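From a predicted model like this one, the values you see are computed outputs, not experimental measurements.
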Amino acid sequence: KRYNLTDVSAALCMSLGLIWFTLADSKVAPNFNVTGVMLISLALCADAVIGNVQEKAMKLHNGSNSEMVLYSYSIGFIYILGGLLCVGGLGPAVAFCSEHPVKTYGYAFFFSLTGYFGISFVLALIKLFGALVAVT
């Protein structure tokens, strides 16, 4: 896929803005944790890839937004469940949720509902205008 000068300059401006924001934050509170920086970097890389993967999958398979949400979140669920099982965090998490059902299940329901509407909006942007415009 080829991008024009406007697309490239928009991506560069966003990147420079984020770099300056991070540098300013490091001057005010230079309290970085290496693990946190690595995890944020990994999340940003995954976020950069996912829009293009979703755009390609929607065009290739002519899938709907709901199908994309279902498959994306199912894969994410499997990854998180595997991680919880590896570190032994599933049991304590279930125990905590059963002790505080309103604060966990209730808030999780509203968070999931608003997240679904948000991701549906982003996927509609990707489907109509492409991943670059949606991310920008």
Side-chain angles (χ1 to χ4, degrees):
K1 197 171 196 181
R2 298 182 78 62
Y3 297 105
N4 61 28
L5 185 60
T6 306
D7 295 335
V8 172
S9 61
L12 285 173
C13 286
M14 278 182 48
S15 299
L16 287 174
L18 287 171
I19 290 168
W20 286 335
F21 180 77
T22 303
L23 288 175
D25 190 40
S26 70
K27 299 293 185 200
V28 174
N31 193 1
F32 285 107
N33 184 337
V34 175
T35 305
V37 171
M38 298 278 293
L39 289 174
I40 280 291
S41 299
L42 183 63
L44 286 172
C45 290
D47 197 36
V49 170
I50 193 73
N52 292 316
V53 170
Q54 288 173 334
E55 179 183 12
K56 184 176 180 180
M58 281 194 285
K59 287 182 179 177
L60 183 65
H61 300 293
N62 199 20
S64 69
N65 291 353
S66 297
E67 288 175 318
M68 188 58 63
V69 170
L70 173 69
Y71 291 125
S72 296
Y73 279 63
S74 297
I75 293 168
F77 170 76
I78 291 169
Y79 286 152
I80 291 172
L81 181 64
L84 278 173
L85 290 173
C86 286
V87 299
L90 186 61
V94 170
F96 179 82
C97 290
S98 63
E99 290 174 13
H100 307 91
V102 174
K103 289 185 178 179
T104 54
Y105 298 120
Y107 292 157
F109 171 75
F110 288 113
F111 181 74
S112 300
L113 188 65
T114 57
Y116 173 77
F117 289 131
I119 195 67
S120 295
F121 178 74
V122 169
L123 288 172
L125 284 176
I126 290 173
K127 195 168 199 170
L128 292 173
F129 302 109
L132 182 68
V133 173
V135 170
T136 303

For this session: Starting from Y79, walk the hydrophobic network (Ile, Leu, Val, Met, Phe, Trp, Tyr; side-chain heavy atoms closer than 4.5 Å) and list everyone else you reach, by chain and number.
Result: I75
Exercise. Is Y116 reachable from L70 through a run of hydrophobic residues whose side-chain heavy atoms are each under 4.5 Å from the next?
Worked result: no
Exercise. Looking at residues at least two apart in the chain, or sitting in another chain, which of them share a side-chain contact (heavy atoms from CB on, under 4.5 Å) with N4?
Worked result: T6, D7
Problem set entry | Residue list, side-chain contact (heavy atoms from CB on, under 4.5 Å) with S41, at least two apart or on another chain | V37
For this session: Check whether I119 and F117 end up in the same hydrophobic cluster, where Ile, Leu, Val, Met, Phe, Trp and Tyr are linked by side-chain heavy atoms less than 4.5 Å apart.
Result: yes
Counting only pairs under 3.5 Å, give me each side-chain donor-acceptor contact of residues 122-132, with atom names and distances, residues two or more places apart or in other chains.
residue, atom, partner, partner atom, Å
K127, NZ, G63, O, 2.8

Under 3.5 Å, side-chain donor or acceptor atoms of residues 80-102 against the rest of the protein: list the pairs with distances, not counting sequence neighbours.
residue, atom, partner, partner atom, Å
S98, OG, V94, O, 3.3
S98, OG, A95, O, 2.8
H100, ND1, F96, O, 3.2

Exercise. Would you say Y71 has more than 12 foreign heavy atoms packed within less than 6.0 Å of its OH?
Worked result: no
Problem set entry | Contacts of type side-chain hydrogen bond (donor to acceptor under 3.5 Å, both in side chains), residue S72, not counting sequence neighbours | Q54
Exercise. Which residues satisfy the side-chain contact (heavy atoms from CB on, under 4.5 Å) test with S64, sequence neighbours excluded?
Worked result: S66, E67
